[in-house]
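Convention: sequence-line order gives letters A, B, ...; per-chain numbering from 1. Below, each value reflects all heavy atoms present in this structure, side chains not excepted, and no hydrogens, waters or symmetry copies.
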Number of protein chains: 2
Amino acid sequence: MTAVRAVGEPVDVRRSARRVPPATVSRLPLYLRALAAFAADGVSTTSSSTLAAAAGVGSAQLRKDLSFLGSHGTRGVGYDVANLSRHLTVALGLTSQRHVVIVGVGHLGHALANYSGLAGRNFSVVGLVDADPRVVGTTVAGLEVQPADRLGRVVAASGATIAVIATPAEVAQDVCDAAVAAGVTGVLNFAPCSLRVPPEVDLRVVDLGSELQILAFHDSRKADAGA
Amino acid sequence: MTAVRAVGEPVDVRRSARRVPPATVSRLPLYLRALAAFAADGVSTTSSSTLAAAAGVGSAQLRKDLSFLGSHGTRGVGYDVANLSRHLTVALGLTSQRHVVIVGVGHLGHALANYSGLAGRNFSVVGLVDADPRVVGTTVAGLEVQPADRLGRVVAASGATIAVIATPAEVAQDVCDAAVAAGVTGVLNFAPCSLRVPPEVDLRVVDLGSELQILAFHDSRKADAGA
DNA sequence: TAGATTGTTAATCGATTAACAATC
DNA sequence: TAGATTGTTAATCGATTAACAATC
């Protein structure tokens, strides 16, 4: 179905909030990280080709991606590192704190809770939850691990909007449902299973097994080619 | 540029080795996992819509994906679970063992070394390497952790083709270079930095920080819409 | 001004989706 | 045969890339 629109009537371009394609959104963190490295090295200006190389993409793609956020460079000169960082940070919504709850405090949950890249980036882990009575009550990354059945209360009390699921596959869907019911709007799933969430909830998946199998695919084709 | 081809001359269709698009390859593990769950439940036949639902994709996409691997279903009936599993396993190159070396045995490396999804799927972790002298010599997941400067020898001796990098960002590129020099053909990078590898080496990236920032992006747009 | 580099356009490419003929 | 479901085609959609006019 195509929306009817009178000729000359403007397309939906709300000021500074034009639609950013998903593929572009997924690369913005790479640019932000590369910019942070430049800033740490005392570099104050960069070009699309330099920044793109640092982020591992093409310069045309970088400029195209940035163009969705507006025009923040200077022709003939390049980009101001601090200024572009600021714009990317705003575009990604990283200006206000995001509260994160981690469900499942095994080795992986442990690693995530201690991940240093969070605090500095306006993410704060506000709750840890586990079903294992031997883990509940222990302190990890400065937080006391709560029993699994309190997940809903932990989310509600902390105002967490993001749940990270690092549980076994068997309980992942139940945990996810509970987190969503308690109000999270984003879920990051490390459990090796597919999860169903309502359309308004954003779901990202990290699956070690799949990644390795994809590597195996290419690996085997190389072996074939070499044979 | 379009290749000139005489009318009636066959397109490049080498028997059972046609080109599989990357997007399709990345979904094959999902299908394989869903099929394994069906088999565990005693289900012996399935349809594209049932399997697609279990994998979290559309049925048209599933059929399109499978069509790149050949024709393994029966019209009017569906797919035999065991048979399709076998074909997917072969297509992904999971019939021969892949040897994996994990570099960096912090919490994350620990979690990966103990990940149960590996052994059952023809992956075997054959080496652990770390730079921290307090970690070197300890036993993790049944393996003794080797010092970092032995990475090359560990790869060569074990015949590992895949390196998993779970080190701090600062040393990730050096570690990666060493692993590639020693002969790995696939790299899975968990370090929060971009890596450069030669074109013949396959690189996959898992970046927790990026995933959270992408969730934050959608989160903030919801907050705006609600405000 | 001359050189450099952005922001944008247009062309290409690949991925997704819907529809349906083939066929069990 | 009638109903069901695949495998494939064609249409749509989105992403990437190259080229270049705008402009510092």
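Residues B:Asp219 and A:Thr185 bring a donor and an acceptor atom of their side chains to less than 3.5 Å of each other. B:Asp177 and B:Gln173 share a donor-acceptor pair across their side chains, judged by distance under 3.5 Å alone. Side-chain contact check for A:Thr161 and A:Arg98: no donor-acceptor pair (N or O, by modelled atom type) lies under 3.5 Å.
Of the residues in residues 21-51 of chain B, those with a non-hydrogen atom less than 4.0 angstrom from any atom of DNA chain D are B:Ser47, B:Ser48. Contacts between residues 72-84 of chain A and DNA chain C, defined by a heavy-atom separation under 4.0 Å, are made by A:His72, A:Gly73, A:Thr74, A:Arg75, A:Gly76, A:Val77, A:Gly78, A:Tyr79.
In this structure, C:dC13 forms a base pair with D:dG14, meeting either the Watson-Crick or the G-U wobble geometry with both donor-acceptor distances under 3.5 Å. With a cut-off of 3.5 Å on both pairing distances, the Watson-Crick or G-U wobble partner of C:dC24 is D:dG3. Taking a pair to require two hydrogen-bonding distances under 3.5 Å in either a Watson-Crick or a G-U wobble arrangement, C:dT8 pairs with D:dA19.
B:Asp65 has its CG atom 12 Å from the C1' atom of C:dT17, to the nearest Å. One can place CG of B:Leu69 at 15 Å from C1' of D:dT6, the figure rounded to the nearest angstrom. Rounded to whole Å, the distance from CZ on A:Phe68 to P on D:dA15 is 8 Å. Put simply, CG on A:Leu66 is 16 Å from P on C:dT5, counting in whole angstrom units. Taking atom CZ of residue B:Arg63 and atom P of nucleotide C:dA21, one finds them 15 Å apart after rounding to whole Å. The CD-P distance, from A:Gln61 to D:dA18, rounds to 11 Å in whole Å.
Ring geometry for A:His110 versus B:His107: interplanar angle of 30 to 60°, hence tilted.
A 4.5 Å side-chain heavy-atom check between A:Asn189 and A:Val206 finds every atom pair outside the cut-off.
Closest non-hydrogen pair, A:Ala191 versus A:Ala169, comes out as CB-CA, 4.3 Å. A pairwise comparison of heavy atoms in A:Val101 and A:Ala160 identifies CG2-CB, 3.4 Å as the closest pair. Of all heavy-atom pairs spanning B:Gly183 and B:Val155, the tightest one is N-CG1, 4.5 Å.
The side chain of A:Lys64 has D:dT16 as its nearest neighbour among D:dA10, D:dT16, C:dA19.
A salt bridge links A:Asp207 with B:Arg33: the closest approach of a Lys/Arg side-chain nitrogen to an acidic carboxylate oxygen falls below 4.0 angstrom.
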